[in-house]
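Quick one: the structure is below, questions incoming.
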Amino acid sequence: MDRPGGHRNAGRDAAQVRRLARRLGYALVWPPEITLVPLVDQVRGADVDAVIMPSPLHMDALMLHAVMCVADVETVAPRMSFARWTAFSSGRQG
């Protein structure tokens, strides 16, 4: 759901995100250009399976954690996948 914008590589970033989404079998949903709604709330509201972004630099560690509570996160460069946190325990104790 990350829309590259506001920098000189926005067009290239968007093309790379589109290619990765197509390769992974995702349909893209772009968020509004300007919004006051936090990213994690946009992801939850859109009910998406994954957030694809050009690089890990587009999200800080706290936002990554929050988004991973509701969706997978994929990055183009470097190519990385972060699986959403599971709400279920493994059943193993101590």
Side-chain angles (χ1 to χ4, degrees):
M1 283 193 52
D2 186 24
R3 178 189 293 276
H7 58 87
R8 59 189 161 112
N9 295 325
R12 185 192 65 167
D13 286 350
Q16 290 177 332
V17 166
R18 281 189 201 97
R19 278 193 297 274
L20 180 57
R22 188 172 35 251
R23 194 169 82 221
L24 296 175
Y26 291 117
L28 286 176
V29 177
W30 297 102
E33 291 264 344
I34 299 172
T35 181
L36 297 176
V37 179
L39 178 60
V40 69
D41 293 333
Q42 292 179 54
V43 172
R44 189 179 297 111
D47 193 29
V48 298
D49 293 320
V51 173
I52 303 174
M53 57 188 174
S55 80
L57 300 175
H58 282 70
M59 197 180 295
D60 65 26
L62 292 175
M63 182 58 66
L64 176 62
H65 171 79
V67 171
M68 286 175 57
C69 289
V70 295
D72 296 342
V73 176
E74 304 283 344
T75 64
V76 173
R79 181 65 191 96
M80 298 168 66
S81 295
F82 301 91
R84 82 182 73 198
W85 301 116
T86 180
F88 304 103
S89 68
S90 65
R92 297 169 63 184
Q93 296 179 0

Sequence neighbours excluded, every pair satisfying ring pair (Phe, Tyr, Trp, His ring centres under 6.0 Å) that has a member inside residues 59-82: His65-Trp85

Does any N or O in the side chain of Gln16 come within less than 3.5 Å of the main-chain N or O of Pro54, such that one atom is a donor and the other an acceptor? no

So, do Pro32 and Gln42 sit near enough that their side-chain heavy atoms are less than 4.5 Å apart? yes

By side-chain contact (heavy atoms from CB on, under 4.5 Å), Pro38 pairs with (sequence neighbours left out) Asp41

If you look only at pairs with a residue in residues 53-74, which of them pass as a salt bridge (Lys or Arg N to Asp or Glu O under 4.0 Å), with sequence neighbours excluded? Asp72-Arg84, Glu74-Arg79

List the residues meeting side-chain contact (heavy atoms from CB on, under 4.5 Å) with Ala21, not counting sequence neighbours, and say none if there are none. Tyr26, Leu28, Ile52

For Thr75 and Leu20, the nearest pair of non-hydrogen atoms, with its separation, is O-CD2, 3.8 Å

When you group the ILVMFWY residues by side-chain heavy-atom contacts below 4.5 Å and let the links chain together, are Val48 and Val37 in the same group? no

Could you tell me which non-hydrogen atom of Ser55 sits nearest to which non-hydrogen atom of Ala77, and how far apart they are? CB-O, 3.2 Å

From CG (Leu39) to CE (Met53), nearest 0.5 Å: 9.0 Å

With sequence neighbours excluded, residues passing salt bridge (Lys or Arg N to Asp or Glu O under 4.0 Å) with Arg23: none

Please, which pairs that meet salt bridge (Lys or Arg N to Asp or Glu O under 4.0 Å) have at least one residue in residues 61-70, sequence neighbours excluded? none

